[in-house]
Amino acid sequence: MSTKPEPAPLLIACALGIEHLALRSGDRSGFDGPLTVLRTGMGPRAAELSLDRALAGPALREAAVLATGFCAGLAPGMHPGDLVVAEETRDPRGSTACVGTELLVKELVRAVPGRTVHTGPLTGSDHVVRGHERSDLFATGAIAVDMESAATLHSAVRAGPRPVAAVRVVVDAPEHELVRIGTVRGGISAFRVLRAILPAFFEWHRSLLLPRR
């Protein structure tokens, strides 16, 4: 009699305490697999080190990795609370292709009806992007920027072949620029969106059908 293979774990990575709180307080009732919500700390270096440590252990060695949290939108017309599904992440080392983009878009629309979902390249930065730098990055084809997603996914695939994805909630857009990162604490709308989209992440993971080897 054959036994059902154990699914590969899911690791969801975020940087900020408020992002971690949103994810920890979201509805997990639809998920029955091994789940880790990892707070990496802010910035690409912190994200890279945190992922390296997490994926070195046997429990997460084959985990699918999804980077999430807040981001700055680059395209005119973006609004706080919009969602960004990365087709790829970019940083100075190159790009990392994301898996299951179309499925994530479909599930996000279902999870938070009425929210706009954008798809395209998500670029990395080692600082908060403001002013003309935003338009310069948009000119490269990127639609959003954050400090951790590219480093997170780069570290994930460097540690071994695995599905990766990045989904971000816009808190800062060309017409709605933050004064300081602490302003995120007032982003009730973005917080609620992030908390509500866990089911979409679980459906993404379920679609991978990755038995643990």
Side-chain angles (χ1 to χ4, degrees), residues 4-15 19-20 22-24 26-28 30-40 44 47-71 83-91 93-112 117-124 142-144 146-169 194 196-213:
K4 185 178 180 180
E6 184 181 353
L10 171 60
L11 187 154
I12 300 175
C14 63
E19 297 167 341
H20 193 254
L23 294 165
R24 296 284 296 181
D27 181 6
R28 302 186 183 199
F31 191 74
D32 56 4
L35 173 65
T36 298
V37 179
L38 177 69
R39 181 184 174 187
T40 65
E48 187 171 349
L49 290 172
S50 187
L51 261 291
D52 287 347
R53 285 192 298 266
L55 298 179
L60 295 175
R61 190 166 291 144
E62 298 177 1
V65 173
L66 191 148
T68 194
F70 303 133
C71 72
L83 287 150
V84 172
V85 178
E87 294 174 339
E88 65 178 17
T89 57
R90 300 173 175 176
D91 67 10
R93 295 170 292 191
S95 64
T96 302
C98 296
V99 173
T101 300
E102 291 183 4
L103 175 75
L104 276 168
V105 171
K106 181 182 75 172
E107 294 300 331
L108 289 167
V109 169
R110 180 180 299 173
V112 279
V117 182
H118 308 267
T119 60
L122 174 62
T123 196
I143 63 167
D146 75 87
M147 291 193 284
E148 297 83 25
S149 291
T152 295
L153 299 198
H154 177 83
S155 293
V157 299
R158 184 180 60 193
R162 71 189 72 245
V164 295
V167 176
R168 291 276 170 171
V169 183
L194 185 57
I197 60 179
L198 269 177
F201 299 166
F202 298 158
E203 286 300 323
W204 174 78
H205 178 262
R206 191 173 291 115
S207 76
L208 300 174
L209 298 176
L210 288 176
R212 188 186 293 231
R213 291 187 295 275

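Just so it is clear, the structure is predicted and the values come from calculations on it, not from any experiment.
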- Query: If you take all heavy atoms of Gly26 and Leu198, which pair is closest and at what distance?
  - Reply: CA-CD1, 3.6 Å

- Note on the structure: In short, Leu122 meets Ala86 closest at the heavy-atom pair CB-CB, 3.7 Å

- Compare all side-chain heavy atoms of Thr89 with those of Val164 and state whether any distance is below 4.5 angstrom. no

- Message: To the nearest 0.5 Å, what is the distance between CG on Leu38 and CG on Leu60?
- Response: 8.5 Å

- Item | Trp204 side-chain N/O to Leu66 backbone N/O, donor-acceptor pair under 3.5 Å | no

- Message: Could you work out, with side-chain hydrogen bond (donor to acceptor under 3.5 Å, both in side chains) as the rule, every residue matching Arg90, not counting sequence neighbours?
- Response: Glu88

- Query: How long is the gap from OG1 on Thr119 to CD1 on Ile143, to the nearest 0.5 Å?
  - Reply: 6.0 Å

- Item | Where Ala165 and Leu153 come nearest, the two heavy atoms and their spacing | O-CD2, 3.6 Å

- Message: For a 4.5 angstrom cut-off between non-hydrogen side-chain atoms, does Thr123 reach Asp91?
- Response: no

- Would you check if His20 and Val37 make a side-chain contact, meaning some heavy-atom pair closer than 4.5 Å? yes

- Please round to the nearest 0.5 Å and tell me the distance separating atom CG of Asp27 and atom CD1 of Ile197. 13.5 Å

- Item | side-chain contact (heavy atoms from CB on, under 4.5 Å) partners for Ala22, two or more places apart | Phe191, Leu194, Arg195

- Item | Inter-residue atom distance Glu87.CD - Ser95.OG, 0.5 Å rounding | 11.5 Å

- Query: Hey, is the main chain of Leu103 close enough, under 3.5 Å, to the side chain of Glu107 for a donor-acceptor pair?
  - Reply: no

- Between atom CG of Asp146 and atom CZ of Arg168, what is the distance when rounded to the nearest 0.5 Å? 3.5 Å

- Task: Would you name the heavy atoms of Ala166 and Cys98 that are closest together and state the gap between them?
- Result: N-SG, 4.1 Å

- Note on the structure: Hits for side-chain contact (heavy atoms from CB on, under 4.5 Å) against Ala47, two or more places apart or cross-chain, chain-then-number order -> Thr40, Glu148, Ala151, Thr152

- Task: Using modelled atom types only, decide if a donor and an acceptor are shared between the side chain of Arg162 and the backbone of Ala63 within a distance under 3.5 Å.
- Result: yes

- Identify, with sequence neighbours excluded, every residue that meets side-chain hydrogen bond (donor to acceptor under 3.5 Å, both in side chains) alongside His118. Asp82

- Note on the structure: The reported gap from CD1 in Ile12 to NE2 in His205 (rounded to nearest 0.5 angstrom) is 9.0 Å

- Query: Glu19 and Thr68: side chain to side chain contact (heavy atoms under 4.5 Å, CB included), yes or no, with the steps?
  - Reply: CA-CA 8 Å; Glu19 297 167 341; Thr68 194; over 6 Å; no

- Task: Search all heavy atoms of Ala56 against all heavy atoms of Arg61 and return the closest pair with its distance.
- Result: O-NH2, 3.1 Å

- Note on the structure: Hits for side-chain hydrogen bond (donor to acceptor under 3.5 Å, both in side chains) against Glu48, two or more places apart or cross-chain, chain-then-number order -> Arg93, Arg158

- Return the set of residues passing ring-ring contact (aromatic ring centres under 6.0 Å, His included) with Phe202 (not counting sequence neighbours), or none when no residue passes. Phe31

